[in-house]
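Have a look at the structure below, then the notes.
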Amino acid sequence: DADDARCVVVLYDFDPSTIDWPFPNQDPLPLVTAQVLQVVLDDGSSDWALGHLKGRPDIRGYFPKNYTVPVADYRKMMLEFEAAEEVDDVADRHSVPEPDGGSPAVA
């Protein structure tokens with residue numbers, strides 16, 4: 001939906017206290033993996049965007065864009081991951097142990 005178009009999912013934790021914060025007049029937004037953020041401002045010319053936790057406009061600040069992906073991309077990544085997991089599960093169910101106790105062979 002239109003709301004998702006401005007939302008991103010956090011892929012990596014970000015603790016701004018561990019870096020020399022480059023924007024003295026702006027507040028950073030600490031990130032925790034799997035959070036969903038609403039992007040407020042992204043002019044496309046910076047590696048940083050302004051956003052807030054989805055549903056919590058009071059918790060806002062700048063965050064590194066490369067620590068996030070758009071919600072639509074995240075959903076696609078998860079579908080691909082789940083499909084790969086299903087293939088692995090099927091392969092595991094069809095493997096038989098080697099007679100010498102080595103690695104399983106595909107049946």
Side-chain angles (χ1 to χ4, degrees):
D1 65 12
D3 196 34
D4 280 354
R6 298 291 300 166
C7 289
V8 295
V9 178
V10 176
L11 297 179
Y12 312 103
D13 293 350
F14 169 65
D15 179 358
S17 70
T18 64
I19 66 168
D20 185 17
W21 183 244
F23 311 109
N25 298 325
Q26 306 295 336
D27 292 328
L29 181 62
L31 304 178
V32 176
T33 301
Q35 286 177 318
V36 178
L37 308 177
Q38 179 84 36
V39 177
V40 176
L41 176 66
D42 179 6
D43 64 10
S45 67
S46 171
D47 294 333
W48 301 85
L50 176 64
H52 62 77
L53 297 179
K54 186 169 183 183
R56 296 288 313 269
D58 55 312
I59 302 176
R60 68 186 278 160
Y62 283 85
F63 63 91
K65 294 189 302 188
N66 63 335
Y67 278 49
T68 65
V69 295
V71 168
D73 292 353
Y74 180 78
R75 286 184 179 138
K76 182 179 176 189
M77 288 169 43
M78 290 308 297
L79 288 173
E80 290 170 355
F81 174 78
E82 290 169 358
E85 286 289 303
E86 288 177 15
V87 168
D88 288 346
D89 288 345
V90 169
D92 288 345
R93 286 194 301 269
H94 292 290
S95 63
V96 292
E98 288 289 323
D100 63 1
S103 300
V106 176

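Along the sequence shown, residues carry numbers from 1. Since the model is a prediction, treat every value here as computed from it, not as a measurement. The basis for the numbers below is simple: all heavy atoms, side chains too, and nothing from hydrogens, waters or symmetry mates.
Tracing side-chain contacts under 4.5 Å through hydrophobic residues (I, L, V, M, F, W, Y), one reaches Met77 starting from Phe81; they form part of the same cluster. Ile19 and Val32 sit in two unconnected hydrophobic clusters of ILVMFWY residues. Membership requires side-chain heavy atoms under 4.5 Å apart, directly or through other members. Under a hydrophobic clustering in which Ile, Leu, Val, Met, Phe, Trp and Tyr are joined whenever their side-chain heavy atoms come within less than 4.5 Å, directly or via other members, Val40 and Trp48 fall into the same cluster.
The two residues Lys65 and Gly44 come nearest to each other via the heavy atoms NZ-CA, 4.0 Å. Between Arg60 and Leu50, the shortest heavy-atom distance links the atoms NH2-CD2, 3.1 Å.
When Val36, Asp42, Thr68, Val69 are each tested for a side-chain contact (heavy atoms from CB on, under 4.5 Å) with Val8, only one passes: Thr68.
Looking only at distances, a side-chain donor or acceptor of Asp13 sits under 3.5 Å from a matching main-chain atom of Thr33. Remark: the backbone N or O of Asp27 is not paired with any side-chain donor or acceptor of Trp21 at under 3.5 angstrom.
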**Study point:** side-chain contact (heavy atoms from CB on, under 4.5 Å) between Leu11 and Tyr67, intermediate numbers included
**Key:** CA-CA 6 Å; Leu11 297 179; Tyr67 278 49; 6.0 Å; no

Practice item. List the steps and the verdict of side-chain contact (heavy atoms from CB on, under 4.5 Å) for Val10 and Leu37. Key: CA-CA 8 Å; Val10 176; Leu37 308 177; 3.9 Å; yes

**Study point:** Test side-chain contact (heavy atoms from CB on, under 4.5 Å) applied to Ile59 and Leu29, step by step
**Key:** CA-CA 8 Å; Ile59 302 176; Leu29 181 62; 3.9 Å; yes

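The local environment of CG in Asp73 is crowded, with over 12 non-hydrogen atoms from other residues, nucleotides or ligands closer than 6.0 Å. Counting heavy atoms of neighbouring residues, nucleotides and ligands inside a 6.0 Å radius, atom CG of Asp58 exceeds 12 of them. The environment of Tyr12 atom OH is sparse: at most 12 non-hydrogen atoms of other residues, nucleotides or ligands sit within 6.0 angstrom. Surrounding OH of Tyr74 are at most 12 heavy atoms belonging to other residues, nucleotides or ligands under 6.0 Å away.
Atom CZ in Arg75 sits 12.0 Å away from atom CE in Met78 (nearest 0.5 Å). The line from CD of Gln35 to NE2 of His52 is 12.5 Å long, rounded to the nearest 0.5 Å.
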